[in-house]
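Worth knowing before you read on, the calculation uses all heavy atoms, side chains too, and leaves out hydrogens, waters and symmetry mates. Letters go in sequence order (proteins before strands), and every chain restarts at 1.
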Amino acid sequence: MHWADVEGSKLPPEPLIATGITPSGPIHLGSLREILTGDAVKRASESGELLYIADSIDPLRKVYPFLDDSYEQYVGMPLHDIPCPCGDHDNYAEHYLAPFLETIRELGIRCSIKYTHTMYAEGDYAEAAKLLIEAREEVAEIISKTTGRELDDSWYPYNPRCSDCGKMGDVEITSFEDPYVGYTCGCGHEGKADIRTDDGKLPWRCDWPARWWMLGVDCEPLGKDHAAAGGSWDTGTEIIKAVFGTPPPHPIVYEWIQLKGKGAMSSSTGVAIKGEEMLAMVEPEIVRFLLMKTKPHSHIDFDPGLPLLDLVDEYDTVEARYYDGELDQDTQRVYELSQIQGIPEYPPSRVPYRHLVNLVQIYESADEMWEVSMGDEVGPEDYDLFKTRVEGVKYWLDEHAPPFVKFSVKKEMPEVSLNDKEIEFITRYLTELKGSDTWSPDSLHALVHTVAEDVGISKGKSFGIFYRILLDQKRGPKLGRFLMQLDREFLLERLEEVVE
RNA sequence: GGGCCUGUAGCUCAGCCAGGUAGAGCGAUCGGCUCUUAACCGAUCGGCCGGGGGUUCGAAUCCCCUCAGGCCCGCCA
């Protein structure tokens, strides 16, 4: 059974599946795994609901490397109250969230979205905050017991926000008279915060169980950081039982995604591929496929270079076999869970990504490529699919392709000096070419061998001549297919030019 | 100090949860035309399933121990 079905079968009917993120930086493929895991389980469990919580009231912790120094003044303020880095969004949180929300929409994820700053402002946390503060000694004991961390008597499970400087970092609570906590801030201000509002927030270790309780969360995918012993999962489960008297949700722990050779993806280190960058390279189904085929607890080494092509090929193969009914049950399920909305009635025809890597470098427009590719396998109804993939290949070539796959067909004959043998080779090749009206990648390829044999020139050299006169490079893509992809007239003219 | 994950063919991995004759893709080799760098088809080669012990009629699979690698927590989230 597929992992999503296994997890789904453990949940009650109509489960509420919750996940979330603190939008403090670019949201990458690793974070995508969290919501996609939730989405898979939601699909596996009938009539489940998926909830995505953006922790927009969480304060900015520090000036991350991707921020400029002016953000120093906002450290300690809720993300929702910090200006947008680019100026186009309402605030800091929205700046990072907006492209991500667009990405998950394109991935076919249907979920409701909540922002913690509105949840606090609207009083959703009022009851939970009260219960937690009243039980603060017990909560403190749970936290210190499971983390080994010392919490003194003045500790409260509540972080007020200074009404004067707007920051949460340096505030100490001095009293509690329901519903107000009195505090003094490092800025010198003394005030009180209404725990029924967004005057402050619960610390994460308490916020999390509070959500579970008040929303009735049945299942939550969580990163391995939370799951480690003494982590927030351990304290959260204890707190929800002790303070709220309800059981914790069913956890699904997922592993990190590593960027091959660069370590774990992380927004703060910049080692990451953003969700929208993934979609710029490959179809959304393929992003889903990567995560659906891998069990959440296995880590993924993602390599956006040449191995990306293997992933795309694998998807194409699985897709073709799906419609041929040749897949085992799990792989079949992987394919289904990779779809954006429903299973296409007919198998989509996809021009191989590797093939397009050449075409994109030969032709200017997608239409030209389309004409060259139109064959038995590709019908007009697949044009949109084709265009999307062409765009993806272009992006991949610009951003992630290794240098040796890149080339450009020279419109003018490059300056090359060919010796008599080489010119003789091309002359013979051209004559043979003109005499044959059935060109195929194989025949063009084989012709190199026979002509080279006749002329008495080495095979390696003879292949090289083509790359020199067409690309001004010593090497290039597989020759037979490559020559077929070129415009026929253009190829003949270039060869004529060599002969002259 | 603690936790999780991984270790199966040259490489990437599936199979483990519900024990029953070790699998796929890639690579390699050979053939398909004298076949190149990244093509296609067919075939072949290839593994005491990290090591040790236990449970069992039977273990890659379950249990214990051990070795190796990776990551995370013990600030914050």
CZ of A/Phe289 versus C1' of B/C13: gap in Å, rounded?
12 Å
Contact under 4.0 Å: A/Arg149 side-chain N or O vs B/G1 OP1/OP2:
no
Electrostatic pair A/Arg161-A/Asp199, nearest N-O below 4.0 angstrom
no
What contact category does A/Asp330 fall into here, base, sugar-phosphate, or nothing, at under 4.0 angstrom with non-hydrogen atoms?
nothing
Base, sugar-phosphate, or nothing: which does A/Lys295 touch, judged by heavy atoms less than 4.0 Å apart?
sugar-phosphate
Could you state the CH2-P distance from A/Trp256 to B/C5, rounded to the nearest angstrom?
15 Å
B/G74, B/C17, B/G70: which one has an atom nearest the side-chain heavy atoms of A/Val6?
B/C17
Mind calculating the distance between NE2 (A/His299) and P (B/U12) to the nearest angstrom?
10 Å
Side-chain atoms of A/Asp225 come closest, of B/C73, B/G3, B/A14, to B/C73
Within less than 4.0 Å of OP1 or OP2 of B/A77, is there a side-chain N or O belonging to A/Arg61?
yes
Just name whichever nucleotide pairs with B/A43, Watson-Crick or G-U, keeping both distances under 3.5 Å, else none.
B/U29
Quick one: A/His2 NE2 to B/C17 P, roughly how many Å, whole number?
18 Å
Reckon A/His226 has a side-chain N or O less than 4.0 Å from the OP1 or OP2 of B/C4?
no
